[in-house]
K.L.:
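Got a structure for you, written out below as structure tokens; questions coming shortly.
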Amino acid sequence: MFRYSAILLAAAALTGAQPALAQQKFENLDRIDSLVAMTVGANLGEPGGPAAPVDRRLRLAACPATPTVEGPVFGAAMVQCAALGWRIRVPLVAGGAAAASGPLPRTAAANRFVRPTAPVAPKENIVRKGDPVQLMAGNAAFSVSRMMVADEDGAVGETIRVREDKKSAPVFAQVVEMGVVRIPGFNSF
């Protein structure tokens, strides 16, 4: 009799644990991949599209609403669930969505709703690899600067890597003018 009641008690405990396990849901990563592709207008691997699918090892809590996708921002799309507070970056392939769509068909030029696009002149690189640059950070109340060396070429508005010396870790900075870069996020100085 004792053995029978112990088995019933163990079975009841296991059936009570199963609903808790069934309620544990994770965000559908395929859904995040498709949301990013729809937002940036390019598919996986295409110019302007996601560089790779979202890491399948992620176990994000299921968002009660549709996650929001912002971007591209500094070469990545930002996916976030405001209700739960999680946010991830999805790296994008260099290039725009217009480049991914290819040339316009002949009939599109005759369409009065399609505006012809003017060819965009490439920006002139004003910072060259190896140039000394002044790295600035701050806001209206303070400003901090430090001399660095550019690791790559860049035009105004582009983000490049700079470092203090060859052994130090690189820092990403945005080109402001010739010889001056700033840390992204400090916009009001």
Side-chain angles (χ1 to χ4, degrees), residues 11-120 122-123 137 139 151-152 154-162 169-175 181-188:
L14 288 176
T15 57
Q18 285 178 346
L21 293 174
Q23 289 175 357
Q24 183 179 6
K25 298 264 183 179
F26 298 112
E27 186 63 38
N28 183 351
L29 300 179
D30 291 326
R31 179 174 119 171
I32 291 177
D33 286 336
S34 64
L35 284 172
V36 170
M38 287 188 302
T39 302
V40 298
N43 289 325
L44 182 69
E46 294 179 352
V54 175
D55 191 347
R56 298 302 182 222
R57 296 174 289 182
L58 284 177
R59 297 291 180 245
L60 300 170
C63 190
T66 303
T68 59
V69 180
E70 299 172 5
V73 177
F74 295 117
M78 300 296 292
V79 182
Q80 78 175 28
C81 176
L84 298 177
W86 56 257
R87 178 176 62 181
I88 61 170
R89 291 181 74 241
V90 179
L92 302 175
V93 176
S101 63
L104 291 174
R106 288 184 180 197
T107 57
N111 189 343
R112 64 185 175 136
F113 297 109
V114 175
R115 293 182 183 171
T117 58
V120 178
K123 292 182 178 180
N139 59 22
D151 275 356
E152 52 193 350
V156 173
E158 289 183 347
T159 302
I160 63 169
R161 290 176 303 195
V162 297
V171 175
F172 286 97
Q174 189 174 24
V175 178
V181 296
R182 69 176 170 84
I183 299 288
F186 292 99
N187 297 329
S188 60

K.L.:
Any idea which heavy atoms bring Glu152 and Arg161 closest together, and the distance?
P.N.:
OE2-N, 2.8 Å

K.L.:
What pairs of donor and acceptor atoms, side-chain ones from residues 48-74 against any protein atom, are under 3.5 angstrom apart with sequence neighbours left out?
P.N.:
unit_1: Asp55; atom_1: OD1; unit_2: Arg57; atom_2: N; d: 3.1
unit_1: Asp55; atom_1: OD1; unit_2: Arg57; atom_2: NE; d: 3.1
unit_1: Asp55; atom_1: OD2; unit_2: Arg57; atom_2: NE; d: 3.2
unit_1: Asp55; atom_1: OD2; unit_2: Arg57; atom_2: NH2; d: 2.8
unit_1: Arg56; atom_1: NH1; unit_2: Asp33; atom_2: OD2; d: 3.4
unit_1: Arg56; atom_1: NH1; unit_2: Val54; atom_2: O; d: 3.3
unit_1: Arg56; atom_1: NH2; unit_2: Asp30; atom_2: OD1; d: 2.9
unit_1: Arg56; atom_1: NH2; unit_2: Asp33; atom_2: OD2; d: 2.7
unit_1: Arg59; atom_1: NH1; unit_2: Arg56; atom_2: O; d: 3.1
unit_1: Thr68; atom_1: OG1; unit_2: Gln80; atom_2: O; d: 3.3

K.L.:
Considering residues, nucleotides and ligands other than Arg31, do more than 12 of their heavy atoms fall under 6.0 Å from its CZ?
P.N.:
yes

K.L.:
What's the shortest heavy-atom distance between Val36 and Ala77, and which atoms?
P.N.:
CG1-CB, 4.0 Å

K.L.:
The criterion is side-chain hydrogen bond (donor to acceptor under 3.5 Å, both in side chains); which residues satisfy it with Asn43, sequence neighbours excluded?
P.N.:
none

K.L.:
Residues in side-chain hydrogen bond (donor to acceptor under 3.5 Å, both in side chains) with Arg89, at least two apart?
P.N.:
none

K.L.:
Do Val181 and Ile160 have side-chain heavy atoms sitting under 4.5 Å apart?
P.N.:
yes

K.L.:
List the atom of Ala137, the atom of Ile183, and the distance in Å for their closest heavy-atom pair.
P.N.:
CB-CG1, 3.9 Å

